[in-house]
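Since the structure comes first, as structure tokens, the remarks are kept for the end.
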Number of protein chains: 2
Amino acid sequence: MTDHSGKKPHHHGDLRAALIQSGIDILTESGLEALTLRRCAARAGVSHAAPAHHFDGLSGLRAAIAKEGFDRFRTQMLRSRASGSQSPEGRILSLCRGYLDFAVENPALFALIFSCGPMSQFEEDMKAGTATAYGVLRETCAPFVPEGADPLVVETQVWSLIHGFSHLFLAGTFGPDSGPPDHHRLFAPVMALLREIGTPPAPK
Amino acid sequence: MTDHSGKKPHHHGDLRAALIQSGIDILTESGLEALTLRRCAARAGVSHAAPAHHFDGLSGLRAAIAKEGFDRFRTQMLRSRASGSQSPEGRILSLCRGYLDFAVENPALFALIFSCGPMSQFEEDMKAGTATAYGVLRETCAPFVPEGADPLVVETQVWSLIHGFSHLFLAGTFGPDSGPPDHHRLFAPVMALLREIGTPPAPK
DNA sequence: TTCTCCAACTTTACAGTGTAAACTTTACAT
DNA sequence: ATGTAAAGTTTACACTGTAAAGTTGGAGAA
């Protein structure tokens, strides 16, 4: 209704994209609680009511930012996966590094993406974003799925492990200030999982 | 400065405790975004500025609620752990069940406890709460720590797995509506981890 | 008892927020 | 040029957190 593809708007060059970028900037600079419709609008140089013509209120703006964030998240994981060893183990470990690094570098955006409360608005857009990011994880996990087994089990395990580690690390639960990301502490459990899963005693 | 122990206040029976309980009720009934100073105060039957005498603003109230929530979280895990098989495997599996069940039954409180953004205020209280809840996990993991190994590694793995699964499950990432908690999907990876960790090829 | 004090609580005020409605401007099709 | 609808502005309102000043009521001292 309000927008679909790359139609150039009339007055502003490309509000909506500008609003999303403003929102991401605010998240990066000032955290999750600072993400405000009015501040977003002000940063983009428009009146505080302008976003209403592009998003369905604040939740709509948050959903749009989350979708964009999810795309960048996926991109960073792909880049990280391509940067290291291309063995199955190397690929999945590099993917995990990309996952954790994104969370550490963009904590507020990461939190927004996975904020469980107002997930209601997301729906279509979010499911698409989840699907593609999930697809990256899935194809990286594929070599470790025992023949005849449900790939969902392996994917769930790996994703839970990466995500839980990243979230707890960000929340400071592992200590008041655990220093740099410490990838090894994440890689060791992932490898432990893969060793157990990748060598099934009796697949059938 | 504002309070310390069980000193009975003058007018109200025991505001502070009442405010915390009101907050938890609001979280349970209406979600994280509905937790408001004024609503909390109204529900406790006091003016909207009354909480200022017991907590340091909204963040202080949230911290106090998170601490109380963490205590209940720990209690539920202990109860769950005591309810099943007392073998090392049974204890850790029951603990995981308690973890996931608490998250599913109290999603907003669970999110508040682990909200990473405004972790600044927590400090003392939160660290104590984390320590005790972490202690429960630690002693449950102890039997699986290979001799001479760092217990932190095992604890981190198990906690990341439980937490990531619970968080992603709550966020609906595993599907639009994955039905009931499905403990088996959590237990299988935990067991896989324990099998790998508990039988070290060569500890030293 | 009466007085005094002070913590607990209320009232008032203010800046900032999201949202809705009415209004103004501008680009485009006809 | 003209009409129309989208894009953006202005105005208004209910709600939020926070700070300051005002009120109340119980506890200890005279």
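Convention: sequence-line order gives letters A, B, ...; per-chain numbering from 1. This is a predicted model, so every value here is computed, not measured.
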Stepwise side-chain hydrogen bond (donor to acceptor under 3.5 Å, both in side chains) test for B:Thr140 and B:Arg81
CA-CA 9 Å; B:Thr140 313; B:Arg81 190 182 68 177; 2.8 Å; yes
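Residue-to-nucleotide contacts include a donor-acceptor pair under 3.5 Å from the side chain of B:His48 to the base of C:dT12. Applying the 3.5 Å distance criterion, the base of D:dG17 shares a donor-acceptor pair with the side chain of B:Arg38.
Computed from coordinates, the B:Leu58 CG to D:dT18 C1' distance equals 11 Å when rounded to whole Å. In this structure, the CD atom of B:Glu33 is 10 Å from the P atom of C:dT19, given to the nearest Å. What separates CD1 of B:Ile26 from P of D:dT16 is a distance of 10 Å, to the nearest Å. Rounded to whole Å, atom C1' of D:dT18 lies 11 Å from atom CG of B:Asp56. Atom C1' of nucleotide D:dG17 and atom CG of B:Leu61 are separated by 12 Å, given to the nearest angstrom. Regarding A:Phe55, its CZ atom lies at a distance of 11 Å from the P atom of D:dG8, rounded to whole Å.
The side chain of B:Leu37 approaches D:dT18 more closely than any other nucleotide in the set D:dT18, C:dC9, C:dT10. In this structure, of C:dG18, D:dG8, C:dC9, it is C:dC9 that holds the atom nearest to the side chain of B:Leu15. For A:His53, counting side-chain heavy atoms from C-beta on, the closest listed nucleotide (D:dT16, C:dT17, D:dA7) is D:dA7.
Not one side-chain nitrogen or oxygen of A:Arg16 sits closer than 4.0 Å to the OP1 or OP2 atom of D:dA7.
Heavy atoms of A:Thr36 sit under 4.0 angstrom from primed sugar atoms or phosphate atoms, though from no base atom.
Side-chain N or O atoms of A:Arg39 include one that pairs as donor or acceptor with a backbone N or O of A:Ala34 at under 3.5 Å. A side-chain donor-acceptor contact under 3.5 Å links A:Ser87 to the backbone of A:Gly90. Not a single donor-acceptor pair under 3.5 Å links the side chain of A:Glu105 to the backbone N or O of A:Ala103.
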